[in-house]
Amino acid sequence: MKIKYLIAGAGLLSAGSVLAATADNSELQQGEYLSRLGDCSACHSLPGKAPFSGGLAIESNLGTIYSTNITPDKEHGIGNYSEQQFSDAVRKGVLPDGSRLYPAMPYPDYAKISDKDMHALYTWFMQGVKPSAEAPPETSLSFPFSQRWGMRFWNWAFVSDKPFQPVGGASAEVNRGAYLVESLGHCGSCHTPRGLGMNEKALDSGDKTFLSGGSLNGWEVPSLRGLPRWTEQETVDYLATGRNDKAAVGGEMTSVVEHSTSYMSDADLKAITAYLKFLGGNPAVIASDDKAASATETRLTAAKKLTSGERLYLDNCGACHFVTGKGAPGVFPQLDGATIVNAGDPTGLIHTILAGAQQPSTAKAPSTLAMPGFASRLSDEQVAQLATFIRQGWGNKASAVNAGDVKKVRETLKH
């Protein structure tokens, strides 16, 4: 099953979405902040629609799952939910009428949200969000997946009702990060490998497969365990701005930074970083190959007797990523040693070449930097040659790409 799982963060809401508060303002502010940590907006808000009024189409090979209206509207939203019913929906995937949610809603992770945070979330959604009468499309999957009662058995097999368990012997900062990552952040939804039942193979750091990497719609999702290629500050910078001295955000993570992590407090960003650095089982770092990197740089600089891939690189990529493949710190990402470049599955790199990428505008990095897409400029064979060079130039040692690989990715692009 190929479901588009979305991860962490809800963005700032328009001023018109906030009602006159009857609860304590600090509690409402905390609830709004928690909704950002939990990525509520990313799945339940659409451009041009009222915040949290639902309707996002989550594509899977079983059909399309539509997100629901979670405004306090009493007819189309959650306005009639008691706090316990709200909690059951978020933490157990069970609606007031007893029907079951599909795990595109990351309730297996949200199960660890504390009672205090759940109360603040409920207060925010009931008193801080404007009701909307928007009625999103109904989810209607084919049999047998249309039988939501079957989720009872999926939950029994794959979901734990245990509250968050602090990491023994870890600092308070590490445990704050563990709580954020394992519960509201639901980072494991994308960064933990999934089993045959599309279940996360692990839900906390007690298992070494937790956050060890996975796959999302053909893109390889990297391991977060230890982040050995990045310093603590580079990790904080990436989460806060979508860029650091080595990399720039792409794919689904762009939305995460834009709507969630860029709004996190410095203390929470540092806590998340401390936890990720604390985790064992770090992935092997690709060994630098200075001799190979120098050879590629020399060939590109001389620009003589180049292969097709090398020529395509100079003509289309060299101005930003340079002959060194190092890019520009904080502006253009490195290609030499990059995770997306060296992934076993080249889909992410191919998609970026075809469709381009754009860094989000955030409070700490307001400039919007964009890489153009080359789908209209380069043929499948040219993209394959370019991608192959990038994956095998400098110190990179990934497999070659063929035109068939590119054709498959091109067919997924929205026109």
Salt bridge (charged side-chain N to carboxylate O under 4.0 Å, His left out) involving D117 - partner list, sequence neighbours excluded: none

Is there a side-chain contact between I78 and M126 (heavy atoms, below 4.5 Å)? yes

Looking only at side-chain N and O atoms, does S183 offer a donor or acceptor that is under 3.5 Å from a partner on D109? no

Sequence neighbours left out, what passes side-chain contact (heavy atoms from CB on, under 4.5 Å) with N199? Give chain and number order. W154, F158

Gap separating the CG atom of L101 from the OG atom of S99, nearest 0.5 angstrom: 7.0 Å

Hits for salt bridge (charged side-chain N to carboxylate O under 4.0 Å, His left out) against E220, two or more places apart or cross-chain, chain-then-number order -> none

Could you check whether the rings of F86 and F125 sit parallel, tilted or perpendicular, using 30° and 60° as the cut-offs? tilted

Pairs touching residues 64-77 that satisfy salt bridge (Lys or Arg N to Asp or Glu O under 4.0 Å), sequence neighbours left out: none

Filter on side-chain hydrogen bond (donor to acceptor under 3.5 Å, both in side chains), then keep only pairs touching residues 354-363, sequence neighbours left out; what's left? R243-Q359

For the side chain of Y179 and the backbone of P166, is there at least one donor-acceptor N/O pair under 3.5 Å apart? no

With sequence neighbours left out, the residues meeting ring-ring contact (aromatic ring centres under 6.0 Å, His included) with F389 are Y313, W394

Under 3.5 Å, side-chain donor or acceptor atoms of residues 265-274 against the rest of the protein: list the pairs with distances, not counting sequence neighbours.
residue	atom	partner	partner atom	Å
S265	OG	D268	N	3.1
D266	OD1	K364	NZ	2.5
D268	OD1	R176	NE	2.9
D268	OD1	R176	NH2	3.3
D268	OD2	Y33	OH	2.7
D268	OD2	R176	NH2	3.1
T273	OG1	L269	O	2.9

For D115, all residues meeting salt bridge (charged side-chain N to carboxylate O under 4.0 Å, His left out), sequence neighbours excluded: R91

With heavy-atom distances below 4.5 Å as the criterion, would you say the side chains of H119 and E27 are in contact? yes

Under the salt bridge (charged side-chain N to carboxylate O under 4.0 Å, His left out) test, residues paired with D345 that sit two or more places apart: none

Using the side-chain contact (heavy atoms from CB on, under 4.5 Å) criterion, which residues pair with L46? Sequence neighbours excluded. K49, L56

For E182, which residues count as a side chain to side chain donor-acceptor pair (under 3.5 Å) partner, sequence neighbours excluded? Y275

Among pairs that include at least one residue of residues 157-174, which meet salt bridge (Lys or Arg N to Asp or Glu O under 4.0 Å), considering only residues two or more places apart or in two chains? none

